[in-house]
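In what follows, a single structure is set out as structure tokens and then discussed.
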2 protein chains.
Amino acid sequence: MARKTGSHSEITGPRVRAAAERLFARQGYAAVSMRKIAAEVGVQAGALYLYTKDKQALLFDMMDAHMVALLDAWQELDPGGDPMMRLEALVRFHIRFHMERQDAVFIAYMELRNLTPDNYVAITARRKAYEQVVEGILSDGKASGAFAVEDAHLSAMAVIAMLTGVNTWYREGGRLSLERVEEIYWDMVRKSLVG
Amino acid sequence: MARKTGSHSEITGPRVRAAAERLFARQGYAAVSMRKIAAEVGVQAGALYLYTKDKQALLFDMMDAHMVALLDAWQELDPGGDPMMRLEALVRFHIRFHMERQDAVFIAYMELRNLTPDNYVAITARRKAYEQVVEGILSDGKASGAFAVEDAHLSAMAVIAMLTGVNTWYREGGRLSLERVEEIYWDMVRKSLVG
DNA sequence: AGATTATCTGAACGCGCGTTCATTTCAAGG
DNA sequence: CCTTGAAATGAACGCGCGTTCAGATAATCT
């Protein structure tokens, strides 16, 4: 396994990234050594550098890929049009997408401070783009009279925090199915935004 | 500065704890060395051990103190009685309390995985106690018909996530005063829970 | 089979880690 | 002025860190 030839690959090798993602999510970037990641892959530490420039690139690559996947997936799914329908689609999408990527989400939220300044700026820009997707829907709904929103930015942040919070408590096989959770959250979000 | 005599103090020295809290919040527990904390206090690393058993105790003490302060402060403020009034009091209290302790809150959420198993259990128990405060209010309101809540636990988690989320975006001197933020969040929470 | 290239090892580098402890500094009380 | 004991130093300990690289190994192609 490895890159084709010459200089190191632009994209972290998938097995290395998967191992790093698991470990970063469970123990945190700073607490995970290259040797631990290598052991998880079944290789010596030096071999990792065939797939990644350094440890920081490992973190940045997975965070950036996650944010891009989030934005792309929503663009694919965005029905456009009626703000109420768009928001419902987004709420359900957000919960589903985040629940399917618990490790990546955890890392995206917890490891921002371990990014170099340049990388921090890049990831933060992606986050802002997603926040503006939500804020845009709320603004449209406010303009059309569908939502009774005083401050679209504040409400967007409130909705995102609420939805992402599912990750901290929901466990598969629990009392509620994910479909049920989706339903109830959408109900709460909708009610909190209409007069 | 230091303990009275004999064995190390049960309570981390306040200056050491303040320095550790600042640094843990900004760089993370794993990335902060005892030498960095010592430098922040203006002392050599060895001197820290006059005030704390070890690095782990530094983390646990501040997290435990934070959770106890949260629970005590609410007990002091809890008006009891009408669930709607209690919930409003809690929403405003939660936002204010958390905004005044941004570092401690950040640590309480981010550093759970750096606790030893015993310490993790202890802190998690405190968290559950607070979650049950909120869940209790929602259950009462459901029973009395004040709230249209399908699952009190889920709604409690949703509310807590939404409220704590304020910490991630609110900055003093911004567009909105904290009073205004309190107002809008309470409005959203209330609407999301009534029919 | 032999050559070529991709893949990986294992040792090494300088460094900072958490923690301990004998020793020194320093303020206060007699 | 001398004693006491608290407060802090600074060196030391063994260890694991991120990263590099010369060399070994394994796969592929002619």
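Order of the sequence lines sets the chain letters (A, B, ...), proteins ahead of strands, with each chain counted from 1. The figures that follow rest on heavy atoms only: side chains count, while hydrogens, waters and symmetry mates do not.
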Name the closest nucleotide to the [X] side chain, picking from [options].
{"X": "Lys55(A)", "options": "dC17(D), dG18(D), dT19(C)", "value": "dG18(D)"}
{"X": "Arg35(A)", "options": "dA12(C), dT9(D), dT19(C)", "value": "dA12(C)"}
{"X": "Asp54(A)", "options": "dG18(D), dT19(D), dG18(C)", "value": "dT19(D)"}
{"X": "Val43(A)", "options": "dC8(C), dC17(D), dT19(C)", "value": "dC8(C)"}
{"X": "Leu50(A)", "options": "dT9(D), dT19(C), dC8(C)", "value": "dC8(C)"}
{"X": "Ala45(A)", "options": "dT19(D), dT9(D), dA8(D)", "value": "dT19(D)"}

Send over the distance from [X] [atom1] to [N] [atom2], rounded to a whole Å.
{"X": "Arg15(A)", "N": "dT7(C)", "atom1": "CZ", "atom2": "C1'", "value": "12 Å"}
{"X": "Leu48(A)", "N": "dT9(C)", "atom1": "CG", "atom2": "P", "value": "10 Å"}
{"X": "Tyr49(B)", "N": "dT23(C)", "atom1": "OH", "atom2": "P", "value": "22 Å"}
{"X": "Met34(A)", "N": "dC15(C)", "atom1": "CE", "atom2": "P", "value": "20 Å"}
{"X": "Lys36(A)", "N": "dG16(D)", "atom1": "NZ", "atom2": "P", "value": "11 Å"}

side-chain hydrogen bond (donor to acceptor under 3.5 Å, both in side chains) contacts touching [range] (sequence neighbours left out):
{"range": "residues 24-33 of chain B", "answer": "Arg26(B)-Asp103(B)"}
{"range": "residues 73-83 of chain A", "answer": "Asp78(A)-Arg86(A)"}
{"range": "residues 131-145 of chain B", "answer": "Glu135(B)-His153(B)"}

Fill in the blank from the handout: Quick note, ring pair (Phe, Tyr, Trp, His ring centres under 6.0 Å) partners involving residues 117-144 of chain A, not counting sequence neighbours, are His94(A)-Tyr130(A)
Practice task
Determine which pairs satisfy ring pair (Phe, Tyr, Trp, His ring centres under 6.0 Å) with at least one residue from residues 172-195 of chain B, sequence neighbours left out, and list them in order.
Solution key: none
Practice task
Show your reasoning for whether side-chain contact (heavy atoms from CB on, under 4.5 Å) applies to Phe24(A) and Ile37(A).
Solution key: CA-CA 9 Å; Phe24(A) 286 171; Ile37(A) 298 168; 4.0 Å; yes
Find every protein N or O atom lying less than 3.5 Å from an N or O atom of nucleotides 21-28 of chain D, and list the pairs.
none

Handout entry: Test side chain to side chain contact (heavy atoms under 4.5 Å, CB included) applied to Leu59(A) and Asp54(A), Asn114(A), Leu112(A), the passing residue
Key = Asn114(A)
